[in-house]
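Working notes for the structure below.
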Amino acid sequence: MSHEQTAHATAEKYDFAAIQEKWLPVWDALKPFATDDATDERPRKYVLDMFSYPSGDLHMGHAEAFGLCDVLARYWRQRGYNVLHPVGWDSFGLPAENAAIKRGADPRDWTYGNIEQQKASFRVYAPSFDWSREIHTSDPEYYQWNQWLFLKLYEKGLAYRKASPVNWCPNDQTVLANEQVVDGMCERCGAVVTKRNLTQWYFRITAYADRLVDDLTQLEGAWPAKVLSMQRNWVGRSTGADVVFGIEGRDEPVTVYTTRPDTLFGVTYMAVAPDSALAAELAAGATSAVQTEFAAYLEKTKTESDIDRQSTDREKTGVFLDRYATHPLTGDRIPIWAADYVLADYGHGAVMGVPAHDQRDLDFARALDLPVRVVVAPDGTLTDVDDPAETGTALSGDGLLVNSGTFDGLSKDEAIDALTTALGEAGAGETATNYRLRDWLISRQRYWGTPIPIIHCDSCGEVPVPESQLPVKLPAAEGLDLRPKGTSPLGGADDWATVDCPSCGGSARRDSDTMDTFVDSSWYFLRFLSPNSDEVAFDVAEAKKWAPVDQYVGGVEHAILHLLYARFMTKVLHDYGYVDFEEPFTALLNQGMVLMDGQKMSKSVGNLVEFADQMHSYGADALRVTLAFAGPPEDDIDWADVSPTGSTKFLARAWRIAHDVSSGPGIDVSTGDTALRKLVHHFLADVPDLIESYKFNVAVARLMELVNVTRKAIDKGPGAADAAVREAAETIAVALNVFAPYTAEDMWELLGYEPTVAHVEWRQAEPALLVEDEVTAVVQVNGKVRGRLQVSPSIMPDELERLARGDANVQRAIGEAEITNVIVRAPKIVSIATAR
RNA sequence: GCCGGUGUGGCGGAAUGGCAGACGCGGAGCACUCAAAAUGCUCUGCCUUCACGGGCGUGUGGGUUCGAGUCCCACCACCGGCACCA
């Protein structure tokens, strides 16, 4: 196949490389997707991909995500919407720094070099981006607004510093947010995460816990059910009661949280987290033997990694503190233990032990020989109950109360209400809600991120950098030691770090930590609306016009991290009055992963499918069609199962139709072949619903069908000059723009039009052409298809039944049997039931 | 343990409760060709029949219905998320 021969509109053969080369410069000049809405009255749609982290060239995952998102962007444009489809780079982050350390280079050079590479690849892959709004989160023009946001949160007490045990990655030598610890390991490098006690910056996301859960109902149906469920799990809201226990020898009582106040009479011990202040205090008031034992236990707890500590099948341990609590209703003495299965930072760091009805408590009680008292029995009597102390299985189900004084006989739900009320009357408890969610730890002891705009002054304490002094620019990497060492490299930039206190003018130092890069991505979708403003983070009026994002596309790996943070930040901005909505992304599509031979692609496995190689072999269009056609977009695609060659064949067939059409543009299509026109108009009527419900694979199938039938019409039907053939070819070109823009543009030119087909509106189906003159009616006998009849769609039911009964094959199926029932749904079906 | 999801040909996958397997991959045969590639055409769920046809068939077992891949109940398998969260 020779390029010279085919790089013209007169080419005889489909040549994807020539077509790409031909149209790229045309599109570069045309800038068809710049969204300039000053005078545009059309309805708007904001279609966005999760932006790319520039860690190298694009890979197949990008091809899928950006390809599918582009289907939607191009589609909505052709449906008459003013579509905003911007592109940017999530360009701060650890990998840049690690790569830079490895190569002895500047993270800035590495990052911006990768961006250039990805841009060049994107240009050829040709998503319909508005390049004029490109942003980089690592530019001071962007990150100064991270700092501005930080100050806004700080003003409201939503950004604060505290000393606390934090997740520490010993490999990357930095702290991690809870969301970045996966199975006890660092999300980035896989090292086992340990705990350190450090003073760090937090965003108070827990203040928004209820709204983060409640507002998910707004997204029901528009976000994948899986993501909604993951977000609910992550916030982990539970309701129950706080119960107050008096402590012998201590003035202050201790409050515990329980979801099962109905089991209050089953309490046989109390357990406190060994690493809590309460445990230390209780132990300090006990005998020296207890103190020694406790100290050893605490030491052991601290040195254990989270993985060890959280393994559920391990033996329960604890230390009796020789202290006692008093049961709020019975007045019984309750022994107090320190046990490492109790977490210091959930609830109140202490639990009431109900071994009979909680598996963990039962395991603990059995290991340490504590009593087990059943207080909820399935049928309200103890006689038939398997003793959990014997079986080792806690009774966690429903039942009626026993052994619970005046509460005996109540159901579980009744008892929860009754006991909570009783506790309230006794001043010993109330309904309470708890969350698994923790505040968002945003400090990072690394270089390549947004400097935290705080100055530490010996006399004034922490002083926010005045807004007028933003941005606090990142100092040059040159001369700084970027290697992980547990403190931020910025601390080594003395010239940068040493400043006058904005408050007292004395000598002070800048905070040397940088922000978690998820801060950058928590609001970037708003920056696209006024990307060049140096007055505001984003223009409120532009946000009113464009935001929230109507269609968001990205991987499910961000189901909690990015999406939760972006939802949080949106609510914060809403409360400040900067935006008038509370959810940033009204619809979300999670595309699946691209696999090879059933597993994730990786260099080490040796199953890497390179984006650049695929582009070279098949081109952008075939790649995009292959990804769209492979299956439902949410499902993973195994590259071993798909056929880019098949896609190329399809595109060549489509292209050849435009090439073969022999009528001129503007011909009166109504004179064309009716059968073909009907198919075209059914296509026009059906495909929008398919695309809007993300059934891209089915939409492509319908396009293939249309191409096949049009080919037949040219070769064996009305021929290449027929007006319906032109109508079909134009329809194919317009629809194909959504999936394969180069081929579509070339077809459009072959059909005698000017670029660009991307601006041609989807045609309306003519209702008259959607009506069939004849349909197939099916005749079933006892549920089995026994006959098919060609009938008019307006046939009367009794006429259809008469025809059905007259069908020879139907009669044979009925035989001598007596007909007991006949259902007629004209014109589709006749269902005959016989006595059997 | 809790939550969510998925089970359809050799494979990827279609199917508002109404013809299961659209579309494609793979396979077989044919045409064109000296030949091959490319392209085009025909066939392709399993069993049975020369054929017309018939039987079976959407993870398993029940149920609702004239009619179930689709709805209901129970179960099995696999995938994903959360998890000593009280």
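By convention in this document, chain letters (A, B, ...) are assigned in the order of the sequence lines, proteins followed by strands, and residues within each chain are numbered from 1.
- Considering only side-chain N and O atoms, A/N697 lies nowhere under 4.0 angstrom from the phosphate OP1 or OP2 of B/G24.
- Among the protein residues, A/N708 comes within range of the sugar-phosphate backbone only, with heavy atoms under 4.0 Å from sugar or phosphate atoms but none that close to a base.
- A/P632 comes within 4.0 angstrom of the backbone, heavy atoms only, and of no base.
- When the side-chain nitrogen and oxygen atoms of A/S229 are compared with OP1 and OP2 of B/C82, none of them lie within a distance under 4.0 Å.
- You'll find the ring centres of A/F739 and A/F629 outside the 6.0 Å limit.
- In this structure, A/R786 reaches the B/G54 phosphate: one of its side-chain N or O atoms is under 4.0 Å from OP1 or OP2.
- For A/K649, no side-chain nitrogen or oxygen approaches OP1 or OP2 of B/G24 to under 4.0 Å.
- Nucleic acid contact class of A/S238 (heavy atoms, under 4.0 Å, all strands): sugar-phosphate only.
- Ring planes of A/Y257 and A/Y346: perpendicular class, angle over 60° (limits at 30 and 60°).
- On a pure distance criterion of 3.5 Å, no polar donor-acceptor pair joins the side chain of A/K828 and the base of B/C19.
- Contact of A/S643 with B/C25 (side chain to base): no donor-acceptor pair of N or O atoms is detected under 3.5 Å.
- Contacts of A/V642 with the nucleic acid, taken as non-hydrogen atoms under 4.0 Å apart, are absent.
- Proximity of A/R812 to the phosphate of B/G53: no side-chain N or O atom is located under 4.0 Å from OP1 or OP2.
- Counting any heavy atom pair closer than 4.0 Å across all strands shown, A/N809 reaches sugar-phosphate atoms only and no base atom.
- Contact annotation for A/R237: no contact, since no heavy-atom pair falls under 4.0 Å across all strands.
- Under the 3.5 Å distance criterion, with hydrogens and angles disregarded, no donor-acceptor pair is assigned to the side chains of A/Y341 and A/D363.
- Distances shown here put every side-chain N or O of A/Y257 at or beyond 4.0 Å from the OP1 or OP2 atom of B/A86.
- A/R436 and A/N233 share no donor-acceptor pair across their side chains, judged by distance under 3.5 Å alone.
- Using a distance-only test at 3.5 Å, with no hydrogens or angles considered, no donor-acceptor pair links the side chain of A/H659 to the main chain of A/W655.
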